[in-house]
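Starting from 1, each residue takes its place in the sequence as its number.
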Amino acid sequence: MNNLELSSFKIISSVGMAKSSYIEAMNAAEKGNFDLADEKIKEGEKFFSEGHEAHSGLIQQESSGDDIKLSLLLMHAEDQLMSAETIKIMAKEVIKLNNRIQNL
């Protein structure tokens, strides 16, 4: 397995964990457990950061002149990275809305 494949799998794995944490945060907020929801968001951000670092490493490689070969695996990794970021934004909004509803 080459460096590009390893980096792609690192991205996929890390942001997959982040997405799971964000979904757990929304589920906790739905049940009124906002402390756990905040904890899960922070946990997700840690995982997301790991995936983002792997992605940034690939960008730096390409910037320094190394040829990064576009592959379906890399495209999938980038897609997962973007969807995790979207889910994080949505999770934060869902938590705010649940908090507002439960405090009516």
Side-chain angles (χ1 to χ4, degrees):
M1 191 173 296
N2 66 32
N3 182 46
L4 179 59
E5 290 169 333
L6 287 172
S7 294
S8 295
F9 281 121
K10 174 67 177 170
I11 294 166
I12 292 165
S13 173
S14 296
V15 301
M17 293 297 294
K19 288 193 293 186
S20 293
S21 295
Y22 299 145
I23 291 168
E24 289 175 19
M26 288 187 277
N27 290 334
E30 182 182 6
K31 294 174 182 156
N33 192 342
F34 296 104
D35 289 336
L36 179 60
D38 289 340
E39 191 177 305
K40 289 296 180 177
I41 289 291
K42 288 176 186 165
E43 178 182 89
E45 287 174 339
K46 179 183 158 276
F47 286 124
F48 183 83
S49 185
E50 291 172 8
H52 190 268
E53 285 175 24
H55 187 256
S56 294
L58 291 175
I59 291 171
Q60 289 172 357
Q61 265 185 274
E62 187 171 54
S63 298
S64 67
D66 290 346
D67 185 34
I68 301 294
K69 197 173 202 175
L70 187 60
S71 68
L72 184 57
L73 183 62
L74 178 58
M75 289 181 359
H76 177 65
E78 290 189 327
D79 179 56
Q80 294 303 302
L81 183 75
M82 291 184 301
S83 72
E85 189 164 16
T86 301
I87 291 170
K88 176 177 75 171
I89 293 165
M90 300 292 291
K92 287 181 174 185
E93 290 302 313
V94 166
I95 292 167
K96 281 195 295 190
L97 290 171
N98 272 288
N99 196 358
R100 191 177 305 156
I101 289 167
Q102 292 184 25
N103 288 318
L104 287 177

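Between Phe34 and Gln102, the shortest heavy-atom contact is CE1-OE1, 3.7 Å. Among all heavy-atom pairs drawn from Ala18 and Gly44, the shortest one is CB-O, 3.3 Å. Ile95 approaches Ala37 most closely through the heavy-atom pair CD1-CB, 3.9 Å.
Here the side chain of Ser13 pairs no donor or acceptor atom with the backbone of Phe9 at under 3.5 angstrom.
Annotation: side chain to side chain contact (heavy atoms under 4.5 Å, CB included) contacts of Met90 (sequence neighbours excluded): Thr86. Lys88 is linked by a side chain to side chain contact (heavy atoms under 4.5 Å, CB included) to Tyr22, Glu45, Lys92, counting only residues two or more places apart in sequence or in another chain. Met26 is linked by a side chain to side chain contact (heavy atoms under 4.5 Å, CB included) to Ile23, Ile87, Ala91, Val94, counting only residues two or more places apart in sequence or in another chain. Residues passing the side-chain hydrogen bond (donor to acceptor under 3.5 Å, both in side chains) test with Glu93 are Lys96, sequence neighbours excluded.
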Residues Phe47, Ser21; criterion side chain to side chain contact (heavy atoms under 4.5 Å, CB included); working and verdict: CA-CA 9 Å; Phe47 286 124; Ser21 295; 3.9 Å; yes
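Taking hydrophobic clusters as Ile, Leu, Val, Met, Phe, Trp and Tyr residues chained together by side-chain heavy-atom distances below 4.5 Å, Leu6 shares a cluster with Leu73. Grouping the Ile, Leu, Val, Met, Phe, Trp and Tyr side chains by contacts below 4.5 angstrom, directly or via other members, places Leu4 with Leu81.
Ile68 has its side chain out of reach of Ile59: every pair of non-hydrogen atoms, C-beta onward, lies at least 4.5 Å apart.
Evaluation of the side-chain hydrogen bond (donor to acceptor under 3.5 Å, both in side chains) test over residues 24-39, restricted to residues two or more places apart or in two chains, returns Glu24-Lys40. The side-chain hydrogen bond (donor to acceptor under 3.5 Å, both in side chains) pairs that include a residue from residues 62-80 are Lys19-Gln80, His55-Glu78, where partners are two or more places apart or lie in different chains.
For the atom pair NZ of Lys46 and OG of Ser14, the computed distance is 8.5 Å after rounding to the nearest 0.5 Å. In this structure, Leu58 CG and Ser8 OG are separated by 6.0 Å, a value rounded to the nearest 0.5 Å.
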